[in-house]
Number of protein chains: 4
Amino acid sequence: MTQPEYDPGPQIAHAASIDLGTPDLERSIRFFRDLLGMEVVDQVGGVAYLRAYQEFAHHSLVLTQQDEARVNSYGFRVKRKQDVELFHKRFQEQGVQAVELPAGHELGRGEAVRFLVPGSDHPFEFFHDIDKPLAEESIRSKVLSNSSRRRGLGVRRLDHINLQTSAGTVNEAEAWLQDSLGFKRREFARLPDAPDIILASWLSVTPQVHDVAIGVAAEEKTGQFHHVAFNVENFHDILTAADEIRDLDIAYGAGPGKHGIGQAMYLYVHDPGSGHRIELYSGGYLIFDPTWEALEWKLPELAYGQTWYGDVLDVGPGGSFLPTSPSAGLLP
Amino acid sequence: MTQPEYDPGPQIAHAASIDLGTPDLERSIRFFRDLLGMEVVDQVGGVAYLRAYQEFAHHSLVLTQQDEARVNSYGFRVKRKQDVELFHKRFQEQGVQAVELPAGHELGRGEAVRFLVPGSDHPFEFFHDIDKPLAEESIRSKVLSNSSRRRGLGVRRLDHINLQTSAGTVNEAEAWLQDSLGFKRREFARLPDAPDIILASWLSVTPQVHDVAIGVAAEEKTGQFHHVAFNVENFHDILTAADEIRDLDIAYGAGPGKHGIGQAMYLYVHDPGSGHRIELYSGGYLIFDPTWEALEWKLPELAYGQTWYGDVLDVGPGGSFLPTSPSAGLLP
Amino acid sequence: MTQPEYDPGPQIAHAASIDLGTPDLERSIRFFRDLLGMEVVDQVGGVAYLRAYQEFAHHSLVLTQQDEARVNSYGFRVKRKQDVELFHKRFQEQGVQAVELPAGHELGRGEAVRFLVPGSDHPFEFFHDIDKPLAEESIRSKVLSNSSRRRGLGVRRLDHINLQTSAGTVNEAEAWLQDSLGFKRREFARLPDAPDIILASWLSVTPQVHDVAIGVAAEEKTGQFHHVAFNVENFHDILTAADEIRDLDIAYGAGPGKHGIGQAMYLYVHDPGSGHRIELYSGGYLIFDPTWEALEWKLPELAYGQTWYGDVLDVGPGGSFLPTSPSAGLLP
Amino acid sequence: MTQPEYDPGPQIAHAASIDLGTPDLERSIRFFRDLLGMEVVDQVGGVAYLRAYQEFAHHSLVLTQQDEARVNSYGFRVKRKQDVELFHKRFQEQGVQAVELPAGHELGRGEAVRFLVPGSDHPFEFFHDIDKPLAEESIRSKVLSNSSRRRGLGVRRLDHINLQTSAGTVNEAEAWLQDSLGFKRREFARLPDAPDIILASWLSVTPQVHDVAIGVAAEEKTGQFHHVAFNVENFHDILTAADEIRDLDIAYGAGPGKHGIGQAMYLYVHDPGSGHRIELYSGGYLIFDPTWEALEWKLPELAYGQTWYGDVLDVGPGGSFLPTSPSAGLLP
């Protein structure tokens, strides 16, 4: 088709990876590989690279052996190779500090730009190029759209990340995610006692209700991590996961339950190697409407938004969720 | 964000509606409303407008009383209001015949452009504006992202349409959908005995594996309709639907089963008022990779593509599916 | 086979029916028929007789219009016709007061004997003969083992009843159910603070973990009713029921969740006509071992027994559940 | 309760175990332990003893290394210790050849009597005593009614066995199972072309629709084995099993589908070590009615009886199923 010449500017494709620091790498690997069913694509020294059975990219999860269970980075894939540079240029124009990371900084990944989200200080890394290695033959699937066979509890892809920051910085960070990164606000709530402040906001660049959520931390801290969600195929996979995980010596968070916000089924557990909160997530609705306006949840319905049915989430002061881990600073 | 000025050109947002002609309107309404659980938003004379419980737009299904059970139109929503006109202009430049339809041609809908897909002759209608009426209070949901409560077998939105045309025209039509409408080919297969010809192709403008599929008809006819799919929340909803529909005097097509292509669960049944084939559809994977390359299914794995497990689809000569209904011509 | 002559004595076949008094009969009927999917087999004056789609007997649920939302009777079917009389004789020998009810006292039912469980005062009725009328042709199933088609939320049979009585009477009643009625204790717990007293006991004459449960009431009252459970086919039916019922103006109790005790999935709701607590119940394990010894749940695992995963049950003092309704006296 | 003195005669409690001969013991063990999730309780030389996670008895499956993939025995537990001897005496009176097997013939099992079913020649073994060893601590469950944690595809207990014999012997065998062993006929069909002959009969001593089924073999042979079924918790477990097994190099039989007969969900696969057909089985209805009369399936509904929905079973001449393996003779 003879499209007119234009440059849409840099765009994010999807939330693509996370680097979790873990004081007990072997235990974390057993959790993600043997229980959740992910593939260890590579392991170099104290760093393991994993992906789920519907992911072709080299990894969506990096597990890094280190003393502190912090999140080292939140990775996003951009739509075109030049978008890494175009975003970097935008950050420089805005005075947002950023550093370039060479190809291979994460194994299998091309050049990336790392920066801290203004206000919330979460370390994001944007990249485009990433290898798509074949899985070992012993686990390859006959289904062309699977990189390996379904195994374990059936985790199939990274779904979204959930961030927290202080009440004093959440509005700035949430606005910047929209204005500078192109995220659209899909659903949100305000702090009941301080309605000028966002309690939580669910944002996406895809038709998912959220690729990223950001909300107020229970403590007045920036850079907090609430959870990373991995997608499973059906609500029933959540029930099976709850059944098996309850019977193991793994810290069980909450669930199964169904969110009103997003309409997905959830189970929250904690990686026994690091304590990071991990959500298993299934279903939900998709937004194809180009004129979608963000849905605002208010009291008293807000409780339905968090838990439509099932095991209720633990919430802290002002309805905020309890975070698990801090994030790293600008230098990786 | 200070985005440079540009015009991305007209874009389709999603497959949005279908107008099914039915010789027995009341029976069709009972099927879609009372059994599948859709809402009749409006009915004017012999035309009923329905939507599913996660749809806010005025309708995704039009049922038109008429002698012949043909498909009157396939509706797509475009991203911006001006895209209706921009697409129309593109069609004129290409010599593709098109007609303008005034606002209200379908109740609640704005201006539209109607044209026949070159080669396959399927009547598409592109529109942007559409009303979003509140449901009657008696069926409204407490969940903000539902226009009404889940009812019946739990149909929640139109998912995709599946078209067929002659072996002599399928390549032209499939290429035009990509080149002129912006669909991306996600998975496909060639005719085993004539590999220059597309057996079937699954295409999308969204991260769904397909918003539209097009394949070879068993007979050498253009404009054939295979099915329209409505989405349900979970695989188990497909089992429940099979259980209930098998026990009714409704023509049962095939399923439940899981496609290898797209990885979704399916059940094919026929609207008892019109005989049109309707798919209930759940799950599948989403494509967020901006560098996705279409997956090609070849023999012998192609059989897994059609049916990974479960009740096998009826296929005609050369592996083609059997169509159910013709489509209308250019004039609505 | 040449079996030696013997008389095994009277035996209960299963928990067969319940008569719920309701101040709003029409609303109760709408709940059980239109929402849960039961069949109204007969209605005579202010009394309606209902059954579920896998039940052939005339009814498993009687709804009686009356001012007080009490339980009028708990019905059990005995294995042979003469067992009604044999049980009656046993009660007379034990000094347990009982009255004979003529055939037709409940429509479609043969002669019955009514008595109060010693200690707990719950009014039980034992019968053997019961009509098995065909359903109306419009709802008959093609499946030979279904009396009608699956409809609504898919309730398929009465599963069990759950009773409560005062701490001072629970041991006597629970022992009598075993010694005089032949129930076997399958799982149980003692009051943590008074281990001589049964907190709750799950008993059965069938391979189900319980046909009847009896436990300590939060208040020092006898004859209390906690709930009657109706069985649905799969865990997922519980999720669907939760989704739909949460969105209606019906008092939602607790769930979905999975009991450790019995390993079944549960959802507790309240009949909007009467307020009686109704459990939707799915799955669980069966006991075929003739040497089974009752499993005792102790603190801290007892919490897992009540809720293995999911929405936690409301519990009162000493871990007792909160009852909903009283029961009638000896005279029906 | 003061029960009158009587002896009910010997009774079967349930279908308890099967001894499958396998030419590749290690491969069979990997299938049942690593894929289906069973526990290897003991292994002595070429004989492995396995049980599922809801079974406390020492084993329900014996895998015996041997050249021929035959079934060595079908084990049934009787209700009382003396029933082994009482059944033996009955067989002697009937002239049914039987041999005594000492305690420990199968590890963990008490004394047993082995005999061939008159007509069909299937080698049954009746026993009562069986050890209930604790599982290794590493796999023990917090749920009191589980001997170990749910693992793999979630097989939880042996459900039933399905036998075949020649058209000339099926009536005799089926009648003898009822008359001499106390099985009740629950559902059945006659050979369409020879209605004096039982096509298949589903029989039970428990409320299950069948603990044993027996039908006509495609070939005129006695002692044929069709399958042994293991129970999983929910229909969805069948879907997950189909998904995973389809992707492995394991002979896939048929399914998932739902039987009209018994109303359970099925998946048939073949143990890759021996080729024996294994059914994964979920749900179904229970029979508590003491006056139940066997349901007869006739053409054309019989097809619904075999497959209500889903992947259709392979059937041989006259609607018979295809067997997989022969059984051993009288001497074990």
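Residue numbering restarts at 1 for every chain, and letters A, B, ... go by the order of the sequence lines.
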Practice task
May I ask you to check whether over 12 heavy atoms, not counting those of D:K142, lie within 6.0 Å of atom NZ?
Solution key: yes
Practice task
Go through the structure and list residues passing side chain to side chain donor-acceptor pair (under 3.5 Å) with D:D311, not counting sequence neighbours.
Solution key: none
Exercise for the section: Could you tell me whether the side chain of B:H236 reaches within less than 4.5 Å of the side chain of D:N234, counting heavy atoms only? Expected result: no
Practice task
Can you check whether anything in residues 255-264 of chain D gets within less than 4.5 Å of chain B, heavy-atom wise, and list it by number?
Solution key: D:G255, D:P256, D:K258
Fill in the blank from the handout: Nearest heavy-atom approach of B:Y304 to D:R246 is CE2-CD, 3.5 Å
Problem - CD/D:E296: more than 12 non-hydrogen atoms of other groups inside 6.0 Å - result: yes
Problem - For chain B, the option from D:T307, D:D247, D:I245, D:L267 that forms the most heavy-atom pairs under 4.5 Å - result: D:D247
